[in-house]
Amino acid sequence: MVDALPHISEDLPRIRQLDEAAINRIAAGEVVERPASAVKELVENALDAGARKVRVDIADGGKTLVRVIDDGCGMRPEDLPLALSRHATSKIDGSDLTDIQSFGFRGEALPSLGAVARLNIITRANGFEGSEISVSSGTLSASKPAAISNGTQIELRDLFYATPARLKFLRTDRAETQAISDVIKRLAIASPAVGFELNNVSGGASRSLFKVLPESGDLFDVLHRRLMQILGKEFAENAVALQAERDGFTLAGYAALPTYSRGAAVMQYIFVNNRPVRDKVLIGALRAAYSDFLTRDRHPAAVLFVTCPPKLVDVNVHPAKSEVRFRQPGVLRGLIISALRHMLAEAGHRASSTVSALMLGAARPEVVRKPSVSYQMDSCNFAGKAANIQFQAPQFAEVEAVFARVDVMEDQTAEQSQTEASERYPLGAARGQVHENYIIAQTKDGMVIVDQHAAHERLIYEKLKDQMEANTVASQALLVPEIISLSQDDCSRLLGVQDTLANLGLSIEPFGKGAVAVRSTPAILGDSNVKVLILDVLDELNDQAHTQTVKDKMDAVLSRMACHGSVRSGRRLRVEEMNALLREMEATPHSGQCNHGRPTYVELKLSDIERLFGRR
C-alpha cells in the first residue's frame, strides 16, 4: 500500500527556525511573481523617492536584466545596507498602519529581490557621497564608494536563478515584456508629472519601447495629454471628464462614451490614491454605470482616480498591494455609478468619433478606369435636355411655365427652411430616407445618417424610465384581454413581479393553470404584439436572474419593452416625422447610442466626404 503522507516522517517531527535566506525566498514568492512585479516594486520606490524621471532597461523580457534609474532623493551611504534588510523602510514608522501615504511600506521588495536574483544598487543623496552595494542569493557584499549623480540605479540580473522552479513558469520574452510595458503605462497614467522611459537591451543595442516626457499645467489638461500619448487619440477624443465627491471620497478622471466600448476589459484603469488597483467593487460599479448602454459582451473604457483619506482604505491586504478594502464600499460604489451616469447624461446625444472613422474606412472610391472610345456625341446637360423637351412641346409652354414658377417658389421656400434647420440644429435637417430605415440629414458642415429604429427605441426607453421614476407610466386597457399560455415556471416568474410590472403599465393576472391574462400595456408602446412583448419580458427576467437590484432588472425589462414601441425598419417617414425624430434626439440624453450600446447615428464632415472623392 502506498504511503498516504510520504513527506511525514514516522518519527516525532521537530519544529525548527528557517534561515534568513529561505524566509526571503518565500517572501519573494508573494512579492515578486514575474519580472513585471519586480519592475513595479522598483519604479514605485523611485516615485516614493520623488523622482521626476524614471528610466527602465530590460533584457529578455526582464529575465536576465532589469535596470531602473531615477533622479529621486537617493540614500545615504550608512542607510544602504539597512535597505536590504527585511521590514526596513523609510516610509512609515510602524505606529499607524492605517495612515499609508506612499506606494511601499512593507520593506520587503529589495531583500526579496536580493534573495532570488543578483542585485546591485548605486545611489547618492544630495550632499553625500555616492555608494554601491550588491547582494546575490541573499549574500550581502560590503558597501563601497561609487560615482553617480543624485538619484538611484538598481540593477537586477538573472531573476529567479536561485529558484529555478519559478523560472520555468515564466512566459515567453514577448509576453513578459508586454506585462512590463503595461505596468509602466499604468504608473505613467497615475503620475503624469513624471517622465518614463522603457528600453529593450539586446546585444549591446538599446531599443525604445515606451517614452513619455513630464507634463505640467492644469490637472485635467495634464492627464488628458498623458492619456492621449498612452491610450491613443481616439480615447482622448471620445472620453468625457468627470469629477465628484461624497463622504470623504473624491472621484476624478475620464470615461469614454458607450459607443467607444471594447470587446474586453483592456482599457479600464482604476487608481486609489494614485495606486493602480484591481478591485472587484470598483470594476463592478463601473460596469453597473454602463449597464443601460452596453450588452454583456462589451466593456466600457475609463480611467478613474479615487482619492480618500488613508484611514478609509486598507492597502495592507496582500504583499503585491494590488488589492484594497474600503471601509464604506457602498458609498464609493454609489458615487461611481451616479457620477458616471451624470457624465453620460451631460454628453447628450453625442456618439463616438470612431463610428465615423469606421464608416470612412469602409467607404472606398470607385476605381477610375480609362474611358472607352465613343463615336457618339456627348450628351447635353439636364438644363439643355429640359429646354429641348419644352421646345418640342410648344402648345403647353405657357401653362407649364406658370406651374414651373409656382413649383420653384415652393421649392425655394422649403429649401430655405431646410437650410436654416441644417445650420441651426446639431443633427441638421432631414433630406430623405433610404432603404426605409436610414434618415439622411444635412448639417452645417457635413451630413448625418440616422438609424431610425435604434434612435426611436432609445427615445422610448428614456421616456419609460422617466415615467417609471415619476410613477406615472400611462397604460392602455385592451378591449379583449390577451390570454397567453406559458409553462408553470414562466407563469410563476411573471406573477412574482406582477406588482412591479403593473407600475410599468403592464397589467397581468393568472388565468387558470399555465396561462396569464394581459389586461393593459404601456400606452407609449401603441399597438404592439402582446404575446411577443410578454415573451420578451420573460426572456429578460430570465437573463437578469443574477442582477443584484430590482431596479436593474426593471431597467432591462423597460429596454426590451421599448423595442416594441419604436419605429420599425421598413416604415416610410414623412419629412416632418424625420425632423421631429432628430429634434427629439437632440433633447434626449444618451440618444447617441441604442439600448445595446450601438450608435444611433453616424456623422460625416464635408471635408471627409470631399476627401473620399479626391477633392482634397
Side-chain angles (χ1 to χ4, degrees), residues 24-46 54-70 103 108-110 112-120 135-138 153-190 196-212 229-232 235 262-270 275-278 283 297 299 301 318-323:
N24 285 336
R25 284 197 294 271
I26 293 173
E30 294 183 325
V31 177
V32 185
E33 300 175 353
R34 59 193 304 190
S37 305
V39 171
K40 175 179 178 292
E41 296 291 341
L42 296 178
V43 173
E44 285 182 346
N45 280 346
V54 179
R55 172 183 165 184
V56 180
D57 298 330
I58 62 173
D60 301 321
K63 300 172 186 176
T64 59
L65 171 67
V66 171
R67 183 191 301 120
V68 178
I69 305 172
D70 69 72
F103 287 116
E108 291 182 322
L110 292 180
S112 296
L113 291 171
V116 296
R118 295 181 174 92
L119 182 67
N120 178 264
V135 59
S136 178
S137 190
Q153 173 183 304
I154 299 181
E155 189 172 278
L156 191 68
R157 290 188 176 273
D158 302 326
L159 185 62
F160 297 134
Y161 87 97
T163 54
R166 177 61 65 89
L167 190 62
K168 294 179 180 179
F169 285 94
L170 295 182
R171 301 176 65 184
T172 63
D173 292 351
R174 182 177 182 179
E176 296 298 341
T177 300
Q178 182 61 41
I180 292 173
S181 177
D182 184 63
V183 166
I184 296 296
K185 288 178 180 179
R186 288 182 182 273
L187 293 172
I189 292 174
F196 291 84
E197 184 178 352
L198 175 63
N199 303 308
N200 186 53
V201 180
S202 177
S206 178
R207 180 170 62 93
S208 177
L209 300 178
F210 174 76
K211 184 176 181 180
V212 289
Q229 290 177 300
I230 297 177
L231 302 185
F235 175 84
R262 310 304 295 265
V266 295
M267 201 171 280
Q268 296 178 1
Y269 299 86
I270 301 178
R275 183 190 305 276
V277 300
R278 302 180 186 274
I283 294 174
D297 60 339
H299 301 265
H318 189 273
K321 300 185 290 291
S322 61
E323 301 176 15

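Under the 3.5 Å distance criterion, the side-chain polar atoms of T177 are matched with a main-chain donor or acceptor of D173.
Using a 4.0 Å cut-off between charged side-chain N and carboxylate O, E155 and R67 make a salt bridge.
The distance from the CD1 atom of I184 to the CD1 atom of I189 is 12.0 Å, given to the nearest 0.5 Å. From L167, atom CG reaches atom CZ of R34 across 13.0 Å, with rounding to the nearest 0.5 Å. Atom CG of L209 and atom CG of N199 lie 7.0 Å apart (nearest 0.5 Å). Atom CD in Q178 sits 11.0 Å away from atom CD in E176 (nearest 0.5 Å). Here the CZ atom belonging to R186 is positioned 4.0 Å from the CZ atom belonging to R278, to the nearest 0.5 angstrom. A distance of 10.5 Å separates CG in L198 from CZ in R55, rounded to the nearest 0.5 Å.
Residues P35 and L170 approach most closely at CD-CD2, 3.8 Å, considering heavy atoms. Annotation for I230 and A188: closest pair CD1-CB, 3.7 Å, computed over non-hydrogen atoms. In plain terms, the two heavy atoms of G61 and I180 that are nearest each other are O-CD1, 3.6 Å. The minimum heavy-atom distance linking Y161 with R118 is given by the pair CE1-NH2, 3.5 Å. Minimum heavy-atom separation, A59 to T64: O-OG1, 3.2 Å.
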_Derivation of the side-chain contact (heavy atoms from CB on, under 4.5 Å) call for V56 and V43_ = CA-CA 8 Å; V56 180; V43 173; 3.9 Å; yes
_Quick one, D60 with L65, criterion side-chain contact (heavy atoms from CB on, under 4.5 Å). Give me CA distance, side-chain angles, the key distance, then yes/no._
CA-CA 7 Å; D60 301 321; L65 171 67; over 6 Å; no
*asked:* Under the criterion side-chain contact (heavy atoms from CB on, under 4.5 Å), I'd like the reasoning laid out for Q268 against R262: C-alpha separation, chi angles, the key distance, then a yes or no.
replied: CA-CA 10 Å; Q268 296 178 1; R262 310 304 295 265; over 6 Å; no
*Show your reasoning for whether side-chain contact (heavy atoms from CB on, under 4.5 Å) applies to V54 and L187.*
CA-CA 11 Å; V54 179; L187 293 172; over 6 Å; no
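Inter-residue side-chain proximity for V201 and I58 is flagged as unmet; no heavy-atom pair is nearer than 4.5 Å. Side-chain atoms of Q153 and I69, non-hydrogen and from C-beta on, do get closer than 4.5 Å to each other.
Checking L113, L156, V39 one by one against V32, the side-chain contact (heavy atoms from CB on, under 4.5 Å) holds for a single residue, L113.
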